[in-house]
Amino acid sequence: MAKKKEKSIRPIGDKILVKRMVAEEKTQGGIIIPDSSQEKPLEGEVVSVGNGRSDNKGNVTPLTLKKGDKILFSKYGGNELSVGGEDLLIMEETDVLAVIG
């Protein structure tokens with residue numbers, strides 16, 4: 001019996017694929033935060049990037065972000081998806097507020 005091939009996803013155009021950072025489970029004082037009260041972190045790591053932004057003449061401008069960049073993104077930016085059991089976000093480069101580093 002043949003093995004199933006793992007799904008892979010590659011963003012196109014000005015889209016980026018982001019892995020969200022893990023939410024803090026405790027406060028600095030040691031208080032455990034229940035899952036229902038945790039806010040999703042607005043930080044992540046770029047997993048993959050598209051080839052760039054196209055203008056109406058067909059010219060492609062490469063993205064400024066690259067794989068491995070740690071980023072801060074807007075609260076409502078991106079769409080959540082699950083690939084191979086891993087939760088990821090796909091968003092436009094314009095949803096990124098800053099590179100952390």
Side-chain angles (χ1 to χ4, degrees):
M1 198 157 126
K3 281 187 175 182
K4 278 190 169 182
K5 186 177 177 185
E6 280 285 321
K7 264 200 250 181
S8 68
I9 189 163
R10 182 176 54 89
I12 59 172
D14 67 340
K15 305 291 190 280
I16 61 170
L17 195 60
V18 176
K19 181 177 179 181
R20 192 186 298 263
M21 295 293 180
V22 178
E24 294 293 324
E25 295 179 7
K26 285 186 186 181
T27 65
Q28 287 182 338
I31 299 171
I32 297 173
I33 304 169
D35 287 341
S36 59
S37 297
Q38 289 180 3
E39 283 203 27
K40 292 184 178 180
L42 301 178
E43 296 178 18
E45 181 178 346
V46 177
V47 175
S48 183
V49 298
N51 59 344
R53 197 173 301 107
S54 295
D55 64 14
N56 47 356
K57 292 183 180 177
N59 300 321
V60 177
T61 304
L63 300 180
T64 56
L65 295 170
K66 60 187 180 308
K67 182 178 178 178
D69 281 348
K70 305 275 191 266
I71 59 168
L72 178 68
F73 51 88
S74 61
K75 186 171 187 169
Y76 300 105
N79 294 300
E80 295 181 353
L81 60 134
S82 182
V83 178
E86 188 173 36
D87 293 329
L88 301 170
L89 290 165
I90 192 157
M91 64 180 68
E92 295 181 12
E93 188 180 43
T94 55
D95 290 331
V96 176
L97 304 173
V99 176
I100 302 169

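Residue indices begin at 1 and follow the sequence shown.
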- Query: Can you find a heavy atom in the side chain of Ile71 that is under 4.5 Å from one in the side chain of Val46?
  - Reply: yes
- Single-linkage hydrophobic cluster, 4.5 Å side-chain cutoff, Leu17 and Leu89 together: no
- Item | Residue pair Thr61, Asp55: steps toward the side-chain contact (heavy atoms from CB on, under 4.5 Å) verdict | CA-CA 8 Å; Thr61 304; Asp55 64 14; 5.9 Å; no
- The side chain to side chain contact (heavy atoms under 4.5 Å, CB included) partner of Arg53 among Asn59, Leu63, Val60 is Leu63
- Message: Test your reading of the model: is there a side-chain donor-acceptor pair from Asp14 to the backbone of Gly52, 3.5 Å cut-off?
- Response: no
- According to a 4.5 Å side-chain heavy-atom criterion applied to Ile, Leu, Val, Met, Phe, Trp and Tyr, with indirect links allowed, do Val47 and Val83 form part of one hydrophobic cluster? yes
- Message: What's the separation between atom CZ in Arg10 and atom NZ in Lys15, rounded to the nearest 0.5 Å?
- Response: 13.5 Å
- Evaluation steps, side-chain contact (heavy atoms from CB on, under 4.5 Å), between Lys67 and Val49: CA-CA 7 Å; Lys67 182 178 178 178; Val49 298; 5.9 Å; no
Anything under 3.5 Å between a donor and an acceptor, one on a side chain of residues 94-101, the other on a protein residue two or more places apart or in another chain? List them.
{"residue": "Thr94", "atom": "OG1", "partner": "Glu92", "partner atom": "OE1", "Å": "3.4"}
{"residue": "Asp95", "atom": "OD2", "partner": "Glu92", "partner atom": "N", "Å": "3.4"}

- Atom pair CD1/CG of Ile16 and Asp69 - distance to nearest 0.5 Å: 9.0 Å
- Query: Looking at Glu45, Glu80, Glu86, which one forms a salt bridge (charged side-chain N to carboxylate O under 4.0 Å, His left out) with Arg20?
  - Reply: Glu80
- Note on the structure: When rounded to the nearest 0.5 Å, the distance separating CD1 of Ile12 from OG of Ser48 is 11.5 Å
- Query: Which atoms form the tightest heavy-atom contact between Val18 and Gly44, and what is the distance?
  - Reply: CG1-CA, 3.9 Å
- Message: To the closest 0.5 Å, what do you measure between CG (Leu72) and CE (Met21)?
- Response: 10.5 Å
- Query: In the single-linkage hydrophobic clustering (I, L, V, M, F, W, Y; side-chain heavy atoms under 4.5 Å), do Phe73 and Leu88 co-cluster?
  - Reply: no
